[in-house]
Amino acid sequence: MLKRKVTLKIFLFLVLADVLETFHQFCFKKSALFKKDPPLTGAYDLLVFFEVVFSSPFFWIGLLALIMMFILWSTILSKIDLSVAVPIASFSYILVALVSILFLHETITLLRWVGIFLILTGVIVVSVSSCERERP
Amino acid sequence: MKEGQVFILGLIVFTGLCDTFRELFLKSGVNSLDEVSPDNIKQVTLFIFKLIRTPRVWISLFFGFLSLFIWLFILSKVDLNFAFSLDSMHYIFIAFAAQFLLKEKVRRMRWVGTLLIVLGITLVTLS
């Protein structure tokens with residue numbers, strides 16, 4: 001049986017994968033939100049939508065970040081359980097909140113702080129649960 | 001609720017399921033190979049070459065791209081926060097799937113952590 005403990009190194013790689021994930025989401029959003037609220041009528045709309053997405057440079061930069069993330073994420077999965085890796089990846093929500101505080105000077109409501117605290121607690125609890133498995 | 005909203009809601013649940021399948025097939029493919037260190041470039045290169053020859057990974061990629069394109073489509077239609085808060089439920093799908101299909105030992109503590117995260121994401125995205 002392989003060791004599946006979350007070490008600090010694995011955790012940092014997970015955070016790096018998160019940064020790539022957030023960046024690719026940002027790029028993809030940039031390429032998809034070309035106009036607000038287009039009418040939803042049918043399959044033809046979908047075709048037009050994809051045509052616009054594919055012609056955006058943001059889409060291709062985002063795709064590159066996605067490929068890097070795929071490589072990193074697969075190697076992380078070779079080390080730890082899926083039911084540990086996926087919850088820990090929710091750390092990206094905390095990263096996004098930090099970015100909006102530090103760089104976008106957004107105000108964070110109390111409810112949002114509570115949410116951030118819950119995510120952080122959850123990440124710690126899940127990480128500790130991966131260490132517990134080692135015991136016989 | 002309008003018909004369009006029900007359609008979008010269905011799509012969000014569908015992408016959650018696609019994401020779950022993506023992770024399941026990827027993890028199952030990765031499990032068939034040896035363990036690697038993410039900081040060993042040589043090992044990682046070899047690992048990725050072996051990995052992309054695993055059929056399960058292609059199934060995973062199929063679900064990944066399917067979910068990605070539908071997700072982009074959703075983002076252009078509805079409020080971002082609403083979409084993200086509903087997306088958090090795929091953490092629960094993953095925990096179930098890991099336990100019953102990958103035979104990972106998801107004990108009470110991991111469930112508690114996962115549920116805290118889902119609750120946290122809901123608060124962060126909705127407020």
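Only this structure's heavy atoms are used, side chains among them; waters, hydrogens and symmetry mates stay out. So that the names make sense, note that chain A is the first sequence line, chain B the second, and so on, each numbered from 1.
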**Request:** Would you please test A:V125 and B:M109 for side-chain contact (heavy atoms from CB on, under 4.5 Å) and show each step?
**Result:** CA-CA 7 Å; A:V125 169; B:M109 198 173 175; 3.7 Å; yes
**Request:** Search all heavy atoms of A:V86 against all heavy atoms of B:Y91 and return the closest pair with its distance.
**Result:**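 Looking at all heavy atoms of both residues, the closest pair is O-CE2, 3.4 Å.
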Need one label for [X]: side chain, backbone, both or neither, based on atoms under 4.5 Å from any heavy atom in chain B.
| X | value |
| --- | --- |
| A:F70 | side chain |
| A:L63 | side chain |
| A:F59 | side chain |

Contact class of [X] relative to chain A, heavy atoms under 4.5 angstrom:
| X | result |
| --- | --- |
| B:D39 | both |
| B:W71 | side chain |
| B:F69 | both |
| B:F65 | side chain |
| B:S88 | neither |

**Request:** Quick one: which of B:I48, B:I117, B:L116, B:V30 has the most heavy-atom pairs under 4.5 Å with chain A, could you say?
**Result:**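 Of the options given, most contacts go to B:I117.
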**Request:** Under 4.5 Å, counting heavy-atom pairs only, tell me which of B:L24, B:V118, B:L68 racks up the most with chain A.
**Result:**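 Heavy-atom pair counts peak at B:L68.
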Keeping [X] on the side-chain end and [Y] on the backbone end, is there a donor-acceptor pair under 3.5 Å?
| X | Y | value |
| --- | --- | --- |
| A:S78 | B:V36 | yes |
| B:K27 | A:L77 | yes |
| B:E104 | A:D81 | no |

Side-chain heavy atoms under 4.5 angstrom apart, residues restricted to Ile, Leu, Val, Met, Phe, Trp, Tyr: same cluster for [X] and [Y]?
| X | Y | result |
| --- | --- | --- |
| A:L8 | A:V84 | no |
| B:I121 | A:F117 | no |
| B:I59 | B:L101 | yes |
| A:M68 | A:I61 | no |
| A:F54 | B:L66 | yes |

Please round to the nearest 0.5 Å and tell me the distance separating atom [atom1] of [X] and atom [atom2] of [Y].
| X | Y | atom1 | atom2 | value |
| --- | --- | --- | --- | --- |
| A:S130 | B:K105 | OG | NZ | 14.0 Å |
| A:S74 | B:L26 | OG | CG | 4.5 Å |
| B:R110 | A:S129 | CZ | OG | 4.0 Å |
| B:L119 | A:L118 | CG | CG | 5.5 Å |

Greatest number of heavy atom pairs closer than 4.5 Å to chain B - which of [options]:
| options | result |
| --- | --- |
| A:L82, A:T75, A:I119 | A:L82 |
| A:I71, A:I94, A:T121 | A:I71 |
| A:V126, A:I76, A:L16, A:I10 | A:V126 |

**Message:** So for atom CZ, which belongs to B:F93, do other residues, nucleotides or ligands contribute more than 12 heavy atoms lying within a distance under 6.0 Å?
**Reply:**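 Yes, enclosed.
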**Asked** Which residue pairs pass the salt bridge (charged side-chain N to carboxylate O under 4.0 Å, His left out) test with at least one member in residues 46-72 of chain B, sequence neighbours excluded?
**Response**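 Listed by first then second residue: nothing to list.
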